> 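Below is one structure. I have some questions about it.
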Amino acid sequence: MLLQIIRWSIVSLMLSASPVLAAPPNILIIYTDDVGYSDVSCYGDGHLQTPRIDALAESGRRFTRSHAASATCTPSRFSIITGRYPFRNDRAEILEGDAPLLIEPGSLTVASHLAAAGYHTAVIGKWHLGLGEGEVDWNSDVKPGPLEIGFDRSYLLPATGDRVPCVYLDGHRVENLDQNDPLRVSYDGKIGDWPTGTERPDLLRYPADRQHSGTIVNGVSRIGWQYGGAAALWTDETMVDRFTGRAIEYIESRAATNTPWFLFFNLHQIHVPRLPGEQFIGRSGLGLRGDAMLEVDWSVGRLIDALERLGIREDTLVLFSSDNGPVMNDGYGDGVLRDKGQHDPNGPYRGGKYTMWEAGTRVPFIASWPGTIEPGVSNALMGQIDLLATLGMIAEAPLDELSLAQIDSRDHSLTLLGDNDDGRTTLVTQGVQGLSIHHKNWKYIAANPARRGFANHWSTLKHNQVGNPLWSEPIGPGAYLFDLLSDPGETENLLNAEPEVAAMLENLLERIAEDPRAGDGS
Ligand code: NG6
Ligand code: CA
């Protein structure tokens, strides 16, 4: 820690003659949805090409051993924003579209911390961290939300694309809402007279499972029921363009000021429903999922072009990652399994979204800051959990000891910026069935997850009736131990061969669950 502080003080001193470079960088996090390890071509198998993301990686540091905090969205986002492992909050599970805000206003967040350090802060895109305090009235101010936990600006998709309400939220207000056509939302049962997927399958572009057979919007039935707010409905096909446009407008508006900015940019691609813009349909040759990935690449390219056009590329740290691993069938019969060709989004890793297998959380992670980060590849163990402390350090606002004692986030700025290759020694991740822990070359998947309150989402997910095979591979009831160095595909369970290691990791996991200070500071 001390070292980092000294490092930054020296950098500030050395650069004090050059105000542009001396300033902490702008920070852009491009956070994608359900993008697997191998969906980006510089991590991949060559079947799906993402040239603009590859170029970003070539301009910076590409991490091969980096993990989201969880194999699903809400918990991963929770951990980026709060710096706390999601299992510390009982509600940090996949939220419905009318769930209350998960993060306490006034608590430490990456946005509030960077704001206190002098940053202007914004979140654009998918939120899925709840809004309001329960019983949200979508026709008046929807709050508390991001603006109450440290963001200065917000433009959101409230939950997921497959959940109602299918509207954008601009600050506290539903965008384009006609007050004479009030928006109503329910997760308890049908409301209003808009048709549902169950009633009118003939209106659907593609079939849906029971869970996704609620209100039909734009030819797709969603989870939950919505009625009213017709003028405010989104069009899925223009969502990426809409978010990217809003992000560029935000960056342009901030470029005119002297204040650094932080933009948490959350694309909904390539989550279901996969409805990419017309110009991408058929372009990947790998079905809608591949086409959606090309749209992600296009969005990344537009953002980088904007930074270059504004002359702030070298003043901006750009991070690219995903909230969890890949999934094929996730509620809709959109043909992606049939159309995927030779492309394997997992790379060499087992499992996928929802699971504690490696592909559940091991995702692409790229850090690019031309002129500061030397291009290269790092095999250091990294976790999104560390972004709060790491970005705090990069913003020249290291977290104090009191905050660090209460959260799991730790400063790994030296590894992020390429000054060392240390990363973490220990990292906890989770899937819907429970917790796992990485420690050096080992990975331990804990047994009996129910004891940690994960008795879970599994029951809902089982109802997924669309297509085969299953959405991903469930974990068996017992514990697992793998040596990822020799067995990255998690094929050989060493639990019985290495009982001391397993006991040590079970114990370490228990201690971290009790107290963040037992987690990894190195
Ligand atoms: C699940 C949905 C799935 C997806 C997921 C959230 C069912 C059967 N499945 O509950 O389709 O919406 O939630 O994905 O309802 S995430 O990436 O936002 O975590
Ligand atoms: Ca996701």
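Each ligand, and each atom within it, is numbered from 1 in the order the structure gives. The shown structure was predicted, so the numbers you read here are calculated from the model rather than taken from an experiment.
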> Number the atoms of ligand 1 from 1 as they appear, then name those within less than 4.0 Å of a heavy atom of Gln211, with their elements.
7 (C), 8 (C), 15 (O)
> Distance only, no hydrogens: is a donor on one side chain within 3.5 Å (strictly under) of an acceptor on the other, for Glu237 and Asn218?
yes
> Does an N or O from Asp34, backbone or side chain, lie closer than 3.5 Å to an N or O of ligand 1?
yes
> Using a strict 4.0 Å cut-off to heavy atoms of Thr72, name the atoms of ligand 1 that fall inside it.
19 (O)
> Give the numbers and elements of all ligand 1 atoms closer than 4.0 Å to a heavy atom of His128.
18 (O)
> Is the NZ or CZ atom of Arg184 positioned over Tyr227's six-membered ring, under 6.0 angstrom from the centre and within 45° of the axis?
no
> Within a distance under 4.0 Å of any heavy atom of Asp33, pick out the atoms of ligand 1 and give their elements.
17 (O)
> Is it true that Glu133 and Lys143 have a side-chain N and a carboxylate O under 4.0 angstrom from each other?
no
> For ring pair (Phe, Tyr, Trp, His ring centres under 6.0 Å), just list the numbers for Trp357 and Tyr349, CA-CA rounded to whole Å, side-chain angles, deciding distance to a tenth of an Å, and then say yes or no.
CA-CA 8 Å; Trp357 300 121; Tyr349 304 114; over 10 Å; no
> Looking at ligand 1, does any of its N/O atoms fall within less than 3.5 Å of an N/O of Asp209?
no
> With a 3.5 Å cut-off and no angle check, do the side chains of Asn324 and Asp34 form a donor-acceptor pair?
yes
> Would you call Tyr332 a ligand 1 contact, heavy-atom distance under 4.0 Å?
no
> Salt bridge or not between Asp408 and Arg88? Use side-chain N to carboxylate O under 4.0 Å.
yes
> Check each atom of ligand 1 against the heavy atoms of Ile223 and keep those under 4.0 Å away; list them by number with element.
15 (O)
> With distance as the sole criterion, is a donor-acceptor pair present between the side chains of Thr429 and His67 under 3.5 Å?
no
> Show the atoms of ligand 1 that are less than 4.0 angstrom away from any heavy atom in Asn324.
17 (O)
> Taking side-chain hydrogen bond (donor to acceptor under 3.5 Å, both in side chains) as the definition, give me every residue that meets it alongside Asp188, ordered by chain and number, with sequence neighbours left out.
none
> Is the distance between the ring centroids of Tyr31 and Phe264 under 6.0 Å?
yes
> One residue to check: Glu96. Relative to ligand 1, which of side chain, backbone, both or neither has a non-hydrogen atom less than 4.0 Å away?
neither
> Distance under 6.0 Å and angle within 45° of the ring axis: does Arg62 meet both against Tyr43?
yes
> Asp162 heavy atoms, cut-off 4.0 Å: which ligand 1 atoms fall inside?
3 (C), 4 (C), 11 (O), 12 (O)
> List-wise, which protein N, O or S atoms are found short of 3.0 Å from the Ca ion (ligand 2)?
Asp33 OD1, Asp34 OD1, Asp323 OD1, Asp323 OD2, Asn324 OD1
> Under a 4.0 Å threshold between the charged nitrogen and the carboxylate oxygen, would Asp236 count as salt-bridged to Arg274?
no
> Of the listed options (Ser76, Ser322, Pro273, Cys73), which comes nearest to atom 16 (S) of ligand 1 when hydrogens are ignored and any heavy atom counts?
Cys73
> Report yes or no: do His438 and Glu358 form a side-chain donor-acceptor pair below 3.5 Å?
yes
> Find all atoms of ligand 1 within a distance of less than 4.0 Å from any non-hydrogen atom belonging to Thr160, and give their numbers and elements.
18 (O)
